[in-house]
There are 4 protein chains.
Amino acid sequence: MVNGRLPSMTERRLQLEDMAAEPSGGPGGRGASTRDNLIRAAVRLASGQGIDGVSVRSIAREAGVTEGALYKHFSSKDQLWRDVYGVIVGEMIEEKQGILDSGLSTREAIAEWVRLTYAHYDGNREAFTYVLLLPHPFAEAIGEEYHAQGRLFERLIRRGQRNGEVDGSIRAALARTLFVGLLLSVPSQINEGGLKGPASSYAEDVTHAIVRALGVA
Amino acid sequence: MVNGRLPSMTERRLQLEDMAAEPSGGPGGRGASTRDNLIRAAVRLASGQGIDGVSVRSIAREAGVTEGALYKHFSSKDQLWRDVYGVIVGEMIEEKQGILDSGLSTREAIAEWVRLTYAHYDGNREAFTYVLLLPHPFAEAIGEEYHAQGRLFERLIRRGQRNGEVDGSIRAALARTLFVGLLLSVPSQINEGGLKGPASSYAEDVTHAIVRALGVA
Amino acid sequence: MVNGRLPSMTERRLQLEDMAAEPSGGPGGRGASTRDNLIRAAVRLASGQGIDGVSVRSIAREAGVTEGALYKHFSSKDQLWRDVYGVIVGEMIEEKQGILDSGLSTREAIAEWVRLTYAHYDGNREAFTYVLLLPHPFAEAIGEEYHAQGRLFERLIRRGQRNGEVDGSIRAALARTLFVGLLLSVPSQINEGGLKGPASSYAEDVTHAIVRALGVA
Amino acid sequence: MVNGRLPSMTERRLQLEDMAAEPSGGPGGRGASTRDNLIRAAVRLASGQGIDGVSVRSIAREAGVTEGALYKHFSSKDQLWRDVYGVIVGEMIEEKQGILDSGLSTREAIAEWVRLTYAHYDGNREAFTYVLLLPHPFAEAIGEEYHAQGRLFERLIRRGQRNGEVDGSIRAALARTLFVGLLLSVPSQINEGGLKGPASSYAEDVTHAIVRALGVA
DNA sequence: CATGAATGAGCATTCATTCAT
DNA sequence: AATGAATGAATGCTCATTCAT
């Protein structure tokens with residue numbers, strides 16, 4: 001059961017860049033707040049076992065605090081997952097928005113999109129896995145954010161079609177679908193052991209595949 | 001935690017074709033065995049909430065029997081999931097093997113593969129979702145079966161490369177990865193509400209995308 | 001919960017002498033009835049794990065039949081345990097009664113009692129363990145039979161005291177208590193690994209100890 | 001199935017002296033910790049029905065808390081039984097060690113041993129029954145502690161044999177076996193209703209019986 | 001802020017027993 | 001006589017959550 005609201009943009013500004021660097025079991029060094037430690041712990045565990053397999057107890061233990069403490073920072077377990085989601089996806093979206101706002105051609109924009117995405121994956125596999133490769137029980141509850149990246153890409157495609165850079169016969173929703181399928185196929189396979197990392201080494205190949213599949217000039 | 005063995009080929013011959021036809025809540029009509037009802041109930045629930053979210057209690061109730069009865073047919077919850085998996089994936093693999101054994105060209109084979117896959121999805125969305133779109137906690141335990149379809153496709157690609165039908169520069173593992181990404185993107189998006197309609201209506205488009213992405217003649 | 005009646009003398013005449021000879025897992029050879037197989041299986045399992053640890057399912061499986069079949073022969077699990085008890089204890093008591101009826105001196109009678117008891121243990125450790133070394137949840141329900149051997153010994157002691165063969169100052173109930181304690185200490189320790197078998201090799205030592213402890217001439 | 005470790009000497013220092021004084025059903029008075037209440041409840045129930053017959057549910061109810069609370073104090077039901085065992089047996093062993101360290105003659109030491117043992121039984125029948133009269137499913141897992149009292153007595157006997165106080169022909173293992181058999185026969189019979197308590201009233205008689213049975217000067 | 005004890009509902013599983021065949 | 005499917009209650013244990021300190 002997952003219900004409720006997402007954290008606002010202002011709430012979510014935590015330092016998650018070095019999430020993967022945090023050693024498991026220790027409550028973290030310099031300025032690591034308990035709240036951040038809990039988020040990091042949750043993502044770490046979820047990326048390994050799936051969201052459903054992670055208990056409040058295990059998150060608290062991994063963060064080095066008690067269960068009670070967790071409830072000082074998050075009103076419920078669901079809210080914790082949603083906060084975590086919002087924090088990570090927010091960063092991703094801002095990057096993608098930057099691509100659209102730049103003057104890049106559709107082809108160059110796609111290349112940049114893939115590069116950034118795979119850099120993200122290589123830099124923080126656990127957070128990436130959490131937000132993009134795991135099924136989210138609260139998918140509908142999220143709505144806006146959940147589909148934000150897809151909608152950004154649809155905008156890119158439609159602009160390309162208007163400019164004549166992209167095959168005009170393909171519908172934007174399908175283009176987005178195929179794009180996401182290709183984009184995530186590599187991280188997904190690396191996680192499952194079917195492909196050897198890093199993801200960045202496949203960026204060029206995947207860009208070509210997307211360009212060809214969507215008929216980009 | 002999920003461990004153990006998969007059902008053998010001979011054990012798994014149940015009639016699951018009309019799995020989706022079973023009305024929820026009723027113990028099923030004419031010759032529906034309790035075991036089959038349990039399998040159907042399990043798939044139905046898992047496809048809706050994910051595997052982890054389904055309790056033995058809910059499966060039994062959905063099948064119209066008690067929990068004790070379930071354990072007469074499956075030695076554990078894990079074994080139930082694996083039996084279900086084996087039943088469904090077995091059918092799928094046999095179809096795909098048929099494609100390889102026929103004399104179709106690589107391009108025709110891909111078209112047929114997509115057609116069959118989407119027909120399967122449209123015919124039994126729940127079973128398809130269960131085996132192909134849900135993360136399986138027992139992925140490693142399955143091994144063989146789990147990657148069987150991917151390996152079949154790799155064989156198809158390599159044969160095509162030898163024949164000169166497929167771009168020789170792409171590695172088979174990557175080709176398989178991109179293929180699976182494109183193939184499953186449509187059912188996945190339909191489930192998530194981002195795409196409408198029967199998957200079959202996208203078969204041609206997806207086939208084209210695959211052919212172009214992989215450089216098939 | 002253990003309630004009900006003991007089997008009558010006529011019901012209990014089964015051949016249990018070769019109980020230990022029955023190979024586990026097989027439904028038994030020549031004339032082994034299902035009922036006998038069930039009793040043997042029950043004793044075998046109880047002597048290894050204690051009565052409480054034995055399930056109806058395990059008894060049936062060990063006897064090579066289904067659980068339903070067990071209920072054709074015994075009205076309940078409790079009744080099974082009581083029937084088993086009656087069968088074994090009946091044999092033991094008849095032997096001891098024979099000692100009293102013979103013309104042996106108290107000292108010789110004790111020696112014979114110990115010899116017979118330890119022969120019984122060595123010949124069928126499982127049955128002996130079941131009736132004499134395991135706590136019986138239905139002890140009170142048995143009443144008569146449960147204390148029959150003790151009462152026989154009390155009679156022996158009182159007769160000895162009348163004859164002047166036994167120290168007259170010791171009360172019969174205490175004499176019986178000490179006697180049983182000494183008699184069973186050896187089989188009990190062998191079962192627990194504190195003493196090496198066979199019990200018969202200790203018969204003489206234990207006889208001496210009893211004789212001295214009770215002040216028998 | 002019972003596995004795991006025993007509590008260390010330092011862990012086990014609870015006040016169990018007045019274990020029997022705790023009224024059933026009430027959560028206990030002044031400073032009774034939940035953990036102590038649970039231990040007392042467990043012993044109380046086990047001494048009445050045997051260890052196997054006691055459920056976690058019943059222990060929690062008897063202690064006046066929920067099952068969940070029990071698991072805050074004991075990692076499993078098995079560990080609870082072992083903790084309880086360690087607490088009680090630890091006290092008993094220290095007393096017996098004291099006897100060996102004193103300068104008493106073998107005969108006086110035995111008399112003291114019996115006196116202490118029966119005082120223990122009379123003072124806390126339930127705890128005594130739990131540790132000494134009930135079969136322990138985890139007997140092997142305990143090892144050290146389980147046989148500690150027996151080994152202490154063997155030391156006493158061997159010293160007596162060296163001093164010429166004890167019949168040199170009897171082997172120490174057998175002496176220990178007979179001693180334990182005689183010592184426990186009285187509490188055991190009192191529990192079964194064959195003898196009227198208190199056990200202390202039999203201390204002298206049993207001491208004499210032991211002395212005579214083992215040929216102590 | 002954080003703890004640690006406690007709750008009560010839920011979990012997967014096993015139990016003794018019944019009954020139509 | 002025996003089977004095998006089914007029941008319903010009970011098992012040991014984990015869960016998310018609360019709250020006095």
Whole Å only: how far is the [atom1] atom of [X] from the [atom2] atom of [N]?
{"X": "C:Leu38", "N": "F:dA2", "atom1": "CG", "atom2": "P", "result": "9 Å"}
{"X": "A:Arg61", "N": "E:dA2", "atom1": "CZ", "atom2": "P", "result": "19 Å"}
{"X": "C:Trp81", "N": "E:dA16", "atom1": "CH2", "atom2": "C1'", "result": "13 Å"}
{"X": "B:Gln79", "N": "E:dT14", "atom1": "CD", "atom2": "P", "result": "13 Å"}
{"X": "D:Lys77", "N": "F:dT11", "atom1": "NZ", "atom2": "C1'", "result": "8 Å"}
{"X": "C:Tyr71", "N": "F:dT7", "atom1": "OH", "atom2": "P", "result": "17 Å"}
{"X": "D:Phe74", "N": "E:dA6", "atom1": "CZ", "atom2": "P", "result": "11 Å"}
{"X": "A:Asp78", "N": "F:dC15", "atom1": "CG", "atom2": "P", "result": "16 Å"}

N/O to N/O distances under 3.5 Å, protein versus nucleotides 3-5 of chain F:
unit_1: F:dT3; atom_1: OP2; unit_2: C:Thr66; atom_2: N; d: 3.0
unit_1: F:dT3; atom_1: OP2; unit_2: C:Thr66; atom_2: OG1; d: 3.0

Can you tell me how far the [atom1] atom of [X] sits from the [atom2] atom of [Y], to the nearest 0.5 Å?
{"X": "D:Asn37", "Y": "D:Arg40", "atom1": "CG", "atom2": "CZ", "result": "5.5 Å"}
{"X": "C:Tyr71", "Y": "C:Gln79", "atom1": "OH", "atom2": "CD", "result": "12.0 Å"}
{"X": "B:Trp81", "Y": "B:Tyr130", "atom1": "CH2", "atom2": "OH", "result": "5.5 Å"}

Without placing hydrogens or testing angles, list every side-chain donor-acceptor pair under 3.5 Å for residues 45-57 of chain C, not counting sequence neighbours.
unit_1: C:Ser47; atom_1: OG; unit_2: C:Val43; atom_2: O; d: 3.3
unit_1: C:Ser47; atom_1: OG; unit_2: C:Arg44; atom_2: O; d: 3.0
unit_1: C:Ser55; atom_1: OG; unit_2: C:Ser58; atom_2: N; d: 3.0
unit_1: C:Ser55; atom_1: OG; unit_2: C:Ser58; atom_2: OG; d: 3.4

Practice task
Mind listing the residues from residues 48-60 of chain C sitting with a heavy atom below 4.0 Å of DNA chain F? Number order is fine.
Solution key: none

Exercise for the section: Please state the P separation for the pair E:dC1 and F:dT21 - nearest whole angstrom. Expected result: 22 Å

Exercise for the section: Check salt bridge (Lys or Arg N to Asp or Glu O under 4.0 Å) between D:Lys72 and all other residues, then give those that pass, not counting sequence neighbours. Expected result: A:Glu67

Completion exercise
Writing each nucleotide of DNA chain F 5' to 3' as (, ), [, ], | or . by Watson-Crick or G-U pairing under 3.5 Å yields .||||||||||||||||||||

Exercise for the section: Quick one: list whatever passes side-chain contact (heavy atoms from CB on, under 4.5 Å) with D:Phe74, sequence neighbours left out. Expected result: D:Arg35, D:Leu38, D:Ile39, D:Leu70, D:Leu80, D:Asp83

